[in-house]
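The structure appears right after this line, and notes come after that.
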There are 2 protein chains.
Amino acid sequence: MIVTDEDFKVIDSAIEDVRKSGTKIRKTFAAYNESEGYDIAWEVSAAVEAFSSFSSRWSIEILSTLYIAGDRRFNEMRKLLTGISSRTLSDKLTHCAELGLVNRIVDEGPPIRVRYQLTEHGRNAGRLLSPLVAYMKIQKGRVVKEK
Amino acid sequence: MIVTDEDFKVIDSAIEDVRKSGTKIRKTFAAYNESEGYDIAWEVSAAVEAFSSFSSRWSIEILSTLYIAGDRRFNEMRKLLTGISSRTLSDKLTHCAELGLVNRIVDEGPPIRVRYQLTEHGRNAGRLLSPLVAYMKIQKGRVVKEK
DNA sequence: GCAAAGTGTAATTTATACACTAGATAGTTT
DNA sequence: AAACTATCTAGTGTATAAATTACACTTTGC
């Protein structure tokens with residue numbers, strides 16, 4: 001057995017997430033259409049920026065990792081995103097924070113620790129990305145198991 | 001009215017696509033698990049490569065555009081992917097073809113025309129990406145309408 | 001002395017700008 | 001009818017700019 005039941009669970013839950021998110025996104029949009037005053041300026045600009053930033057290296061892995069694994073610290077991210085340099089991770093996390101996709105949370109210590117968390121908008125993106133990532137993770141998993 | 005019913009239809013059909021693809025992917029994996037001899041070497045390596053290539057600029061837009069719009073010619077792609085240079089588009093399409101995500105089909109003329117088409121593997125990726133793209137398209141659409 | 005969360009700097013890789021090509025089609029002028 | 005001009009298609013070549021990596025280094029706390 002190469003693809004496990006565990007793998008199927010991952011993809012199933014990802015698909016279920018997408019189904020749920022459809023309803024939620026429709027509700028959000030409906031609310032937006034009805035209330036003219038609802039301030040979504042930042043949200044909109046973040047989304048547009050995000051669409052471009054998705055196209056650059058690592059952004060997808062960062063968002064989907066935070067979505068799947070939950071809040072993570074800097075060095076934890078480095079381990080999960082195999083191959084990223086600390087310089088690039090630092091830059092990308094700053095960029096995602098500027099776009100409003102990710103919150104940088106300092107847990108006052110001691111010891112002081114920094115935690116990265118998806119915002120509402122980041123979770124939307126992560127949720128929609130997750131089926132792709134689940135599929136790719138399984139493909140990756142296959143190769144590792146075969147070696 | 002800023003978000004139209006048309007927008008909702010796009011996202012609904014994207015979500016429906018994902019739901020369907022779940023069943024299909026499970027079947028593919030089940031078949032793979034049962035038949036030890038099934039040669040998926042190229043498919044697997046393409047997937048792993050693809051996972052990296054998704055992380056690079058434009059790949060997502062290329063795959064999702066071909067998935068949503070169907071087969072397209074070189075200059076059609078250029079119009080759909082606003083902002084891409086012809087040099088980069090050429091390189092990216094070649095790369096995607098090497099990875100087995102895209103087929104380059106020459107329609108013997110006259111006039112001779114070149115068409116790009118997703119492979120089975122490219123369609124899997126495109127299908128899983130489509131909800132994200134639908135969401136982002138709507139976000140983009142909002143901004144355009146507000147201007 | 002090690003972990004955490006980075007920064008600085010140089011080298012490499014990737015993408016863009018922009019000019020250009022070659023073959024075909026289409027219209028228009030001599 | 002032949003030549004002239006213009007445009008479309010699918011790119012390539014080259015220089016520049018931007019993004020990423022490698023690798024050394026820092027600071028604070030245990």
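In what follows, chains are A, B, ... by sequence order, proteins preceding strands, each numbered from 1. Scope of the values below: all heavy atoms of this structure, side chains included, with no hydrogens, waters or symmetry mates.
Residues satisfying the salt bridge (Lys or Arg N to Asp or Glu O under 4.0 Å) criterion with B:Glu98, sequence neighbours excluded, are absent altogether.
As rounded to whole Å, 17 Å separates atom C1' of C:dA4 from atom CG of A:Asp71. If you take NZ of A:Lys92 and P of D:dA19, they are 8 Å apart, rounded to a whole angstrom. Here C:dT16 presents its C1' atom at 13 Å from CG of B:Leu89, a figure rounded to the nearest Å. Atom CD1 of B:Ile84 is separated from atom C1' of C:dC18 by 16 Å (rounded to the nearest Å). Taking atom CE of residue A:Met77 and atom C1' of nucleotide C:dG6, one finds them 14 Å apart after rounding to whole Å. Rounded to whole Å, atom C1' of D:dG29 lies 15 Å from atom CG of A:Asp107.
Counting only distance, with no hydrogens or angles, the side chain of B:Thr88 and the backbone of B:Ile84 share no donor-acceptor pair below 3.5 Å. Judged purely by atom type and a 3.5 angstrom limit, A:Arg113 has no side-chain atom pairing as donor or acceptor with the backbone of A:Asp107.
A close approach under 4.0 Å does not occur between any side-chain nitrogen or oxygen of B:Trp58 and OP1 or OP2 of C:dT14. Under 4.0 angstrom from either OP1 or OP2 of D:dT21 there lies at least one side-chain N or O belonging to A:Thr88.
Interatomic distance, CZ of A:Arg72 versus CD1 of A:Ile62, reported as 14.5 Å (0.5 Å rounding).
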Between the protein and nucleotides 10-13 of chain D, list the N/O to N/O atom pairs that are separated by less than 3.5 angstrom.
from   : atom 1 : to       : atom 2 : distance (Å)
D:dA10 : OP1    : B:Arg73  : NE     : 3.4
D:dA10 : OP1    : B:Val114 : N      : 3.0
D:dA10 : OP1    : B:Val114 : O      : 3.2
D:dA10 : OP2    : B:Phe74  : N      : 3.4
D:dA10 : OP2    : B:Asn75  : N      : 3.3
D:dG11 : OP1    : B:Arg104 : NH2    : 2.5
D:dG11 : OP2    : B:Arg104 : NH2    : 3.3
D:dG11 : OP2    : B:Tyr116 : OH     : 2.6
D:dT12 : OP2    : B:Ser90  : OG     : 2.7
D:dT12 : O4     : B:Ser86  : OG     : 3.2
D:dG13 : N7     : B:Arg87  : NH1    : 2.8

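Shortest non-hydrogen contact noted between B:Leu80 and B:Ala69 is CD1-CB, 4.3 Å.
Between A:Lys79 and A:Glu76, none of the side-chain N atoms (NZ, or NE/NH1/NH2) sits under 4.0 Å from a carboxylate O, so this pair counts as no salt bridge.
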